[in-house]
Amino acid sequence: MTVDPSARDRAEDSTALRDRLEDQQDAAVQAERASQLAEEVTEQDARKRLISVFEDVGLRGRALDVANWLSVVAGIWVLITAVSVIGDGFGLATGGEAENLFDFASNPLIALMIGLAGTALTQSSSTTTSITVGMVAGGLPLHIAIPILMGANLGTTMTNTLVSLGMIRDKDAFRRGFAVATVHDFFNLLAVFIILPLELMTGFLRRASEAVTAPMASADGSWLASGFEAVGDGIGFVKDPGADAIVFGTSLLPELWQGIALIVVGIALIMLVINFIGKMLKVLMVGQAQKVLHNAIGRGPVSGVTSGALMTVMVQSSSTTTALTVPLAGSGHFGLKQLYPFTVGANIGTTMTALIAAFAFTGAEGQLALQAALIHLFFSLSALVLIFCIPGLRNLPPMAAQTLADLSAERKIYAAVWTLGVFVVLPLSLISVSVML
Amino acid sequence: MTAERKDQEELRDMEVELELILQDAEVTVAKIREELAQHRQLRRQREQIERLPEYLAQTEVRWRDMRVLLDEVRSELSAGEQDAAEANGAAGASDAGASGADGAAEGSAEGPDEGAARPAS
């Protein structure tokens, strides 16, 4: 059978045309779908936009900026006042017997678990470290405070682990998100495994912090001591009225109960104000944080650590910084190796809150508070130097995190055992056993 | 003869030269592809950073995700138990089949029905 060539050409033309039309239809359907998705995303964005509380009450433009910044300054004032109140309350409640009362926490493992559980409960290491700084100024011995501060670094890693659970329905995104979340867990666990025994054996963190703070508190009239005293007096002048008012408000209570009331009020204020400052700083610093990240990408790990530290100082929360790495990893455009230094930097940036809190005190109390805050900073710096700068150790956390994430993506029980086991079961059982014994 | 050999040598040289040019081109293309991939990766990363406000708003812990995880674990475990039960059932059936065949082979002393009933008990 012969086929008319012109008919064949027409048939081919029509097939091509049909294909083209189908393609166009597909493209139209795809465009429509993309548009729908974009609308959905926009709606979600609108719901999840960072909004200041002052925007809700109708402030706009420059007035809004001024109100936002003033609220942060006020927040820092409340933080310093609350830490000072805790110090006073702890002194009153323990009556100089803090060491005996906290005997149950003299086991460093228990103190470590207190720090871990407290931070996991409040979802804020800044809260735990600020409270600890206040307690140290009020008489809590440093040998108990040091493991608590280390435990705070462990507990804060729970936040990004929980954030990564939001991706659990998407296997690949969860694998990536969970890996970057748990790399922080493994890094901080390794840091504690190495540095806590070293500290117990040598006391290097305590000695180093003492060496830095001793000249500041000496009575030799040096410029450093005078400067420290002047700063302390200035801050005292600002925060004393608030702290005195709270102490006066509880003065009708017996000494022990007044102390306990002051501690409770101080802790409540710290929790509220750290949450508030974090929210406000997210709104205020988001542009700066974007600049920092834009400058950091495509560069080396040093840049990653620095940007992680800077970003954490900006938002005053390591939980926020490390939780941010989860959606970045989940998107598939950032790798574990790229985000790992960023989380390590967050450990360093978060020590700023305790340093601010330490300025609530002057004199001998101020020296102890600053010592506790510096111990937190030196711990994070030591972890960076010891683990991150030694290639054999540096690669351990990402390897372990990737293995756990691979297992967890296949079987969620691994994720559940890790999250509940490390952050809930282990600390609670160790604390319970210690209390019972 | 000499001219022919010369031509052949020239052709061979040209082939080698073309081969080298081709290899260079392939290396260059590979490098360009790599650079392009890096540029694209960098562009996508910058796009992600532009979404920072949205991500920062998402960084709150939702405890219901923990419940979702526990639900997933429960469904995985029950699916595992179901699979194990099905596997046992299949193994039981195949054992029964094998026993039945054995029973039949052994003769009339033990009937196939008895053989089939054994694993089930």
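Every value quoted in this text rests on a predicted model; they were computed, and no experiment measured them. Worth knowing before you read on, the calculation uses all heavy atoms, side chains too, and leaves out hydrogens, waters and symmetry mates.
- Note that CG of A:L420 is 7.0 Å distant from CG of B:L69, once rounded to the nearest 0.5 Å.
- The side chain to side chain donor-acceptor pair (under 3.5 Å) pairs that include a residue from residues 332-350 of chain A are A:S125-A:T350, A:H184-A:N347, A:N188-A:N347, A:Q338-B:Q45, where partners are two or more places apart or lie in different chains.
- In this structure, chain A has a heavy atom under 4.5 Å from the side chain of B:L70, while its backbone stays farther away.
- Proximity to chain B among residues 284-299 of chain A is limited to A:V286, A:A289, A:Q290, A:L293, A:H294, A:I297, A:G298, judged by heavy-atom separations below 4.5 angstrom.
- How far CG of B:D71 is from CD1 of A:I168: 9.5 Å, rounded to the nearest 0.5 Å.
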Under the side-chain contact (heavy atoms from CB on, under 4.5 Å) criterion, do B:L77 and A:I413 qualify, and how do the steps go?
CA-CA 8 Å; B:L77 290 175; A:I413 193 159; 4.1 Å; yes

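- Residue A:M167: no heavy atom, backbone or side chain, is found under 4.5 Å from chain B.
- A 6.0 Å sphere centred on CZ of B:R40 holds no more than 12 heavy atoms belonging to other residues, nucleotides or ligands.
- Note that OG of A:S331 and CD of B:E47 are 10.0 Å apart. Values are rounded to the nearest 0.5 Å.
- Residue A:T322 does not touch chain B at all, counting heavy-atom pairs closer than 4.5 Å.
- By the 4.5 Å heavy-atom criterion applied to side chains, B:L52 and A:L324 are counted as neighbours.
- Contact annotation for B:E50: both backbone and side-chain heavy atoms come within less than 4.5 Å of a heavy atom of chain A.
- Atom CD of B:Q23 has more than 12 neighbouring heavy atoms from other residues, nucleotides or ligands inside a 6.0 Å radius.
- Crowding of A:M314 atom CE: a count of heavy atoms from other residues, nucleotides or ligands under 6.0 Å exceeding 12.
- Options B:Q38, B:M66, B:Q48, B:R74 differ in how many heavy-atom pairs under 4.5 Å they form with chain A, and the most are formed by B:Q48.
- For A:R411, the parts lying under 4.5 angstrom from a heavy atom of chain B are both the backbone and the side chain.
- A heavy-atom distance below 4.5 Å is found between the side chains of A:L162 and B:W63.
- Looking at A:K282, its side chain does come within 3.5 Å of a backbone N or O of B:L56 through a donor-acceptor pair.
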